[in-house]
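Notes follow once the structure below has been shown.
In what follows, chains carry the letters A, B, and so on, assigned in the order in which the sequence lines appear, proteins first and then strands, with residues in each chain numbered from 1.
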Amino acid sequence: MRRIPLFVFVVVLCVTLGGWGITQEKIKITVWDQWTTPAQEEAINKMHALFQKMHPEVVIERSPIASPEQMLDVLKPAFVGGTAPDVVYTDIAPAFIGPLIKAGYLMDLTDVWETRGWNEKLASMSRDVVTYAGRVFGVGHELEFVPVFYNKSIFAELGVDEPTSIPELEAICDKAKAAGYIPMSFVDRDVWNAWHMFSQIVQSYCGKEPVTKAIFEGGTWKIPGIVEAVDKAFVEWVKKGYFPPDLLALSWQEGIMLFTTGMAAMHPTGTWVLDAYREQITDFEVGMFLFPRPSSDLDPVVPSLCGSGYVINANTKYSEICIDYVDFLMANEEAAKIWYTDTVRIPPLRKAFPELEMYYLLKEASEVLGREDVIFGYQIDGYTPPTPLDWLSKGLQEVMLGKVSPADFVEKWEELWIEARKEGLTKDAFKIGD
Amino acid sequence: MLVKTQIQRILSGWAMVLPALAFYAVFSLYPIIGGIALSFYRWDGAGPKTFVGFRNYLYALRDGIVSVAFWNNTMYTLGILLGGVFIGLLLAVTLTRGFRGRNVYKTTFFVPRILTQVVVAMVWGWIFNPFFGPLQFIGKNLGVPLFTRGWLGDPQLALPALMIAGSWTYFGFCMVIFLAGLANVDLTLFDAAKIDGANNWQIFFFVTVPQLRPIITMVVLYTIIDSFKVFDLVYLLTKGGPGNATQIVSTYIYQKAFSEAQVGYGASIAVILTAFLVVLSAGYIKIRERGEA
């Protein structure tokens with residue numbers, strides 16, 4: 001009888017030691033990302049399975065975090081406290097990762113871009129958005145731009161075509177309104193929708209060049225036409241009823257609902273909305289056009305950006321594995337296909353997959369990104385330091401409420417950019433280790 | 001021998017107090033002192049800190065949005081005192097009367113208190129929705145234009161909307177506290193008042209309220225502190241907007257410390273809020289004590 005417990009003990013000991021021996025060879029990397037919907041989770045798990053086939057020694061411990069704001073809340077304490085993960089998928093605007101780069105918490109991947117061939121394989125936008133003071137600190141993902149989506153059935157009913165100038169767009173809005181539709185489902189309770197409308201209207205009226213100068217070359221924001229642009233979208237169009245009444249009371253999700261339920265004719269927003277369209281729209285077809293310029297002679301300038309990106313902890317013990325991981329997610333063809341089909345997102349890999357079955361609007365969007373005749377401008381918020389970004393949120397709301405004039409808005413916007421530039425927080429004045 | 005016993009008593013006393021004291025020091029005292037210390041620095045939350053003395057405080061005194069936030073917070077607190085505490089008191093008094101189904105009412109009124117603020121925000125976000133919400137539906141059918149407006153996006157109505165949502169989660173809690181207090185009041189006073197010909201309102205104001213005075217003091221104090229610390233409901237429903245129409249101190253601290261990476265400045269506003277609440281609470285208690293003397 002005494003032998004039985006002894007036997008059990010020996011078996012347990014062997015299993016434990018054996019298990020320990022196996023796990024000791026494994027390398028665990030920790031990842032925090034923003035893939036939280038069931039479809040996204042499934043997609044990322046699929047990609048992890050493929051990666052682990054290539055790297056059986058790697059275990060990935062993943063923690064999804066619901067929103068960029070929550071990520072911002074937890075990232076800095078984690079890095080300061082030494083508990084940050086090895087790899088993070090986060091918003092890569094200066095307001096988010098600027099302080100982490102300055103403090104030296106993120107790995108400089110400038111050479112990695114060269115050695116891994118990312119410069120050739122990946123879209124330049126993917127590098128530019130994470131370039132600070134000439135160094136590259138990550139890989140931008142989710143190539144996005146901000147067009148205007150429209151309900152093809154409503155356009156057919158109104159007898160209108162895609163507009164090629166602002167007056168044409170306004171004529172469509174007038175017709176849609178007269179027919180009882182909300183012309184454009186632009187809402188702003190969440191404060192960030194106005195950032196994109198700002199990017200659209202400013203580059204429509206002012207073009208790309210002066211905005212490039214203001215962001216990257218120490219230029220001014222007092223650009224000819226900027227006050228008129230702000231006045232047009234945030235005062236005139238609000239007054240004319242081109243947007244829903246009470247637009248500041250409606251959230252982003254409610255804005256989507258106005259469009260997907262057929263109440264609104266157009267939806268000026270970014271391509272990140274496509275997975276919502278795929279799920280919610282079944283009874284009409286959606287088209288997209290690029291936000292027009294005041295005159296049809298001028299080529300549209302499309303605000304574009306990488307929605308978020310992968311960055312690596314500078315203090316990770318497994319830098320090569322982490323680089324392999326990011327390389328797989330961003331530069332592997334199989335992974336790219338999953339991004340397209342399962343998450344309805346455009347990865348930075350330059351290769352096109354014409355044979356791939358994907359949501360028709362995503363296909364259209366990826367074709368637009370590949371067009372050489374399109375001028376890609378900026379989603380200005382993605383390059384804006386924290387304090388001016390707050391003014392972009394609150395200030396534009398104040399303009400819509402009639403409490404601040406467009407001229408005063410631009411004045412303060414310029415003033416805050418100058419202050420941020422002095423502090424080395426803008427792209428053109430960014431200093432590392434400051 | 002006597003000295004030895006005294007030392008033993010002191011040591012055993014300290015031994016009993018020490019775990020709680022250590023816990024308090026680590027989880028309360030250290031963060032408080034750390035927060036105060038942080039308010040004298042300029043810090044983006046990740047890089048090195050720079051000592052700036054009282055500059056953050058001087059800046060806060062000149063920052064117009066800080067005063068807007070304090071004003072909004074004061075209004076919100078008054079709204080909660082009226083919609084939460086006063087209604088809670090009325091309900092408690094009503095429920096002390098014997099009628100069938102009292103427990104159902106008690107439970108129903110208390111339920112909002114146990115909901116998370118995220119759920120509360122979802123519920124009220126839907127109620128106030130100007131397209132799909134029940135409030136606009138009622139407004140349209142009854143011909144009340146006020147109800148058809150988008151409350152959360154209207155600078156005049158957004159703060160009242162938050163007060164309503166906040167009160168809804170709070171009056172049930174106050175009701176329970178007052179019910180407990182009412183269980184101990186002297187019932188003969190009610191009978192005496194009735195014999196003297198007092199009506200229900202007179203009984204409420206001149207008999208019930210004075211007897212509940214210590215509990216009212218406690219609830220009001222708790223409400224003031226709680227309302228000045230509110231964050232989640234406001235952040236979830238309006239993010240302090242439209243513009244700064246519902247900006248309150250906590251959302252502004254969050255905005256500065258986290259969104260704008262001005263942790264030291266955010267800490268200085270937090271210290272000002274704490275000092276303000278300490279002074280307010282002490283003043284209120286003093287006034288109440290004077291009234292009772």
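In this structure, B:Tyr41 places its OH atom where only 12 or fewer heavy-atom neighbours from other residues, nucleotides or ligands lie under 6.0 Å away. Counted within 6.0 Å of CZ on B:Phe137, heavy atoms from surrounding residues, nucleotides or ligands total 12 or fewer; the atom is thus considered open. Residue B:Tyr30 qualifies as open at atom OH: its count of foreign heavy atoms under 6.0 Å is 12 or below. For NZ of A:Lys240, the number of neighbouring non-hydrogen atoms (other residues, nucleotides, ligands) closer than 6.0 Å is greater than 12.
When all heavy atoms of B:Lys239 and A:Asp190 are compared, the pair lying nearest together is CD-O, 4.0 Å. Heavy-atom minimum distance, B:Pro242 versus A:Leu401: CB-CD1, 3.8 Å.
For A:Met263, the part lying near chain B is the side chain, with the backbone staying farther off; criterion is any non-hydrogen pair under 4.5 Å. Using a 4.5 Å cut-off between heavy atoms, B:Leu236 touches chain A through its backbone atoms (N, CA, C, O) alone. Looking at A:Phe79, there are no atoms closer than 4.5 Å to chain B (heavy atoms on both sides), in backbone or side chain. B:Thr50 does not touch chain A: none of its heavy atoms, backbone or side chain, sits under 4.5 Å away. At a 4.5 Å heavy-atom cutoff, A:Pro385 makes no contact with chain B through either its backbone or its side chain.
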Does the pair A:Glu69 and B:Ser259 meet the rule for a side chain to side chain donor-acceptor pair (under 3.5 Å), with working shown? CA-CA 8 Å; A:Glu69 290 80 13; B:Ser259 307; over 6 Å; no

Assess whether side chain to side chain contact (heavy atoms under 4.5 Å, CB included) is satisfied between A:Asp246 and B:Trp151, documenting all intermediate values. CA-CA 8 Å; A:Asp246 304 308; B:Trp151 283 47; over 6 Å; no

B:Asn244 vs A:Glu398, test: side chain to side chain contact (heavy atoms under 4.5 Å, CB included). Steps then yes/no. CA-CA 8 Å; B:Asn244 285 304; A:Glu398 302 269 9; 4.0 Å; yes

Show, in sequence, the C-alpha distance, side-chain angles and deciding distance for A:Thr387 and B:Gln262, and conclude whether the side chain to side chain contact (heavy atoms under 4.5 Å, CB included) test is met. CA-CA 9 Å; A:Thr387 307; B:Gln262 297 177 28; 3.2 Å; yes

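Rounded to the nearest 0.5 angstrom, B:Glu260 CD and A:Trp391 CH2 are separated by 12.0 Å. Rounding to the nearest 0.5 Å places OG of A:Ser251 at 10.0 Å from CG of B:Leu152.
Contact count versus chain B (heavy atoms, under 4.5 Å) is highest, among A:Asp188, A:Leu250, A:Leu396, for A:Leu250. Most heavy-atom pairs under 4.5 Å with chain A, from the set B:Phe258, B:Phe131, B:Phe128: that is B:Phe131. Counting heavy-atom pairs under 4.5 Å between each of A:Asp73, A:Leu72, A:Leu247 and chain B puts A:Asp73 at the top. Considering only heavy-atom pairs separated by less than 4.5 Å from chain B, the leading option among A:Pro244, A:Gly395, A:Pro99 is A:Pro99.
At a heavy-atom cut-off of under 4.5 Å, chain A is reached by no residue from residues 51-62 of chain B. Of residues 153-173 of chain B, those residues lying under 4.5 Å from chain A by any heavy-atom pair are B:Gly153, B:Pro155.
Without hydrogens or angle criteria, A:Lys394 side chain to B:Gly243 main chain gives a donor-acceptor distance under 3.5 Å. Remark: side-chain polar atoms of A:Lys76 are paired, donor with acceptor, to backbone N or O of B:Asp44 under 3.5 angstrom. With hydrogens and angles disregarded, a donor-acceptor distance shorter than 3.5 Å links the side chain of A:Arg189 to the backbone of B:Leu237.
Taking a cutoff of 4.0 Å between a charged side-chain nitrogen and a carboxylate oxygen, A:Glu423 and B:Arg42 qualify as a salt bridge.
Side chains of A:Met257 and B:Phe132 form a contact here, defined as non-hydrogen atoms less than 4.5 Å apart.
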